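Here is the structure we will look at.
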Amino acid sequence: MRRAVCPGSFDPVTNGHLDIISRASFLFDEVVVAVGVNKSKNRLFSADERMDMLTEACREFHNVKVDGFSGLLTSYCQERDVQAIVKGLRAVSDFDYELQMAQMNSSLADIETVFVPTSPEYSFLASSLVKEVATFGGDVSGLVPEFVRERLAHRIDENRRLSGE
Ligand code: PNS
């Protein structure tokens with residue numbers, strides 16, 4: 001059984017993430033989408049919310065499941081007999097940092113990192129930009145699943161009301 005993880009923050013999941021997950025699901029027998037639940041980071045969505053959205057978005061992939069992890073990714077992989085980490089590369093600018101992480105991870109454990117080039121239509125896509133565009137009223141349909149777009153709009157409204165804007 002060839003098992004891989006697609007790790008990330010997924011705050012929130014985008015169509016670019018789903019492109020990489022679907023291609024990982026084609027390459028491996030089983031794929032775990034591993035959501036980093038590091039509490040010190042300031043997120044728009046809680047870990048549970050991010051995992052719920054991913055579970056809904058990955059429903060169509062029969063060999064993909066969603067899980068949370070904290071601590072080292074390599075420890076998570078070792079505990080679950082995962083052989084590979086799948087990462088999307090959007091542009092050359094991603095490469096330096098991703099190579100550094102891949103080499104660090106392979107020095108920590110016997111785990112390969114497999115880089116998958118992002119499809120060109122998603123090469124500019126990042127959760128952070130989606131959040132910024134949505135916050136300023138821009139149209140993010142086509143960049144995230146429709147139900148994610150709705151939850152994003154709702155959360156932005158909620159935060160606005162809470163901050164008294
Ligand atoms: O979506 P992101 O924010 O780029 O995801 C980053 C993530 C969660 C994949 C990365 O920060 C990670 O692997 N964190 C786990 C901690 C760890 O193993 N650090 C050593 C990496 S070399």
Side-chain angles (χ1 to χ4, degrees), residues 2-25 27-28 30-58 61 64-135 140 143-145 147-149 151-152 155-156 159:
R2 307 301 295 172
R3 217 174 262 128
V5 292
C6 289
S9 314
F10 304 104
D11 186 39
V13 58
T14 68
N15 288 342
H17 293 132
L18 294 171
D19 169 45
I20 299 299
I21 294 166
S22 79
R23 286 155 65 197
S25 94
L27 292 171
F28 290 88
E30 195 175 291
V31 174
V32 182
V33 180
V35 180
V37 299
N38 187 346
K39 288 215 165 51
S40 69
K41 296 212 173 147
N42 202 9
R43 304 286 183 205
L44 186 62
F45 293 100
S46 71
D48 283 345
E49 289 172 326
R50 286 179 276 144
M51 286 166 59
D52 279 354
M53 285 188 273
L54 273 162
T55 303
E56 175 69 33
C58 293
F61 309 124
V64 174
K65 62 181 189 180
V66 176
D67 196 11
F69 81 100
S70 57
L72 284 179
L73 179 60
T74 48
S75 306
Y76 177 88
C77 293
Q78 282 173 314
E79 284 156 18
R80 285 158 188 82
D81 196 24
V82 169
Q83 296 90 10
I85 298 167
V86 175
K87 288 291 196 82
L89 283 186
R90 287 168 296 197
V92 189
S93 50
D94 281 343
F95 184 72
D96 280 349
Y97 183 54
E98 291 296 344
L99 178 66
Q100 195 181 13
M101 280 208 283
Q103 289 172 334
M104 174 61 86
N105 284 332
S106 99
S107 82
L108 293 170
D110 192 16
I111 292 164
E112 289 291 351
T113 296
V114 175
F115 291 127
V116 174
T118 299
S119 299
E121 66 263 41
Y122 301 125
S123 63
F124 60 91
L125 197 45
S127 298
S128 54
L129 282 183
V130 167
K131 285 183 282 192
E132 184 168 325
V133 170
T135 300
V140 296
L143 305 181
V144 294
F147 76 93
V148 172
R149 191 193 63 75
R151 288 185 69 164
L152 190 53
R155 176 55 44 87
I156 290 167
N159 286 355

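When a ligand or atom number is given, it counts from 1 through the structure's own listing order. Because the structure is predicted, anything quoted here is derived from the model rather than measured.
A salt bridge links Arg155 with Glu49: at least one charged nitrogen is closer than 4.0 Å to a carboxylate oxygen.
Evaluation of the salt bridge (Lys or Arg N to Asp or Glu O under 4.0 Å) rule for Glu121 yields no partner, not counting sequence neighbours.
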At less than 3.5 Å, what protein N or O atoms come close to the N or O atoms of ligand 1? Include the distances to 0.1 Å.
residue: ligand 1; atom: 1 (O); partner: Ser9; partner atom: N; Å: 2.9
residue: ligand 1; atom: 1 (O); partner: Ser9; partner atom: OG; Å: 3.3
residue: ligand 1; atom: 3 (O); partner: Ser9; partner atom: OG; Å: 2.5
residue: ligand 1; atom: 18 (O); partner: Leu73; partner atom: N; Å: 2.9

Self-check item: Criterion side-chain contact (heavy atoms from CB on, under 4.5 Å) on Val114 and Phe28, from CA distance to verdict
Solution: CA-CA 11 Å; Val114 175; Phe28 290 88; 4.2 Å; yes

Hey, can you pull the donor-acceptor pairs under 3.5 Å for the side chains in residues 126-135, sequence neighbours left out?
residue: Ser127; atom: OG; partner: Pro12; partner atom: O; Å: 2.8
residue: Lys131; atom: NZ; partner: Asp11; partner atom: O; Å: 3.0
residue: Lys131; atom: NZ; partner: Asp11; partner atom: OD2; Å: 2.9
residue: Thr135; atom: OG1; partner: Lys131; partner atom: O; Å: 2.6

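Screening residues 13-25 for salt bridge (Lys or Arg N to Asp or Glu O under 4.0 Å), with sequence neighbours left out, gives Asp19-Arg23.
Between Ala102 and Phe115 the shortest heavy-atom distance is CB-CZ, 4.0 Å.
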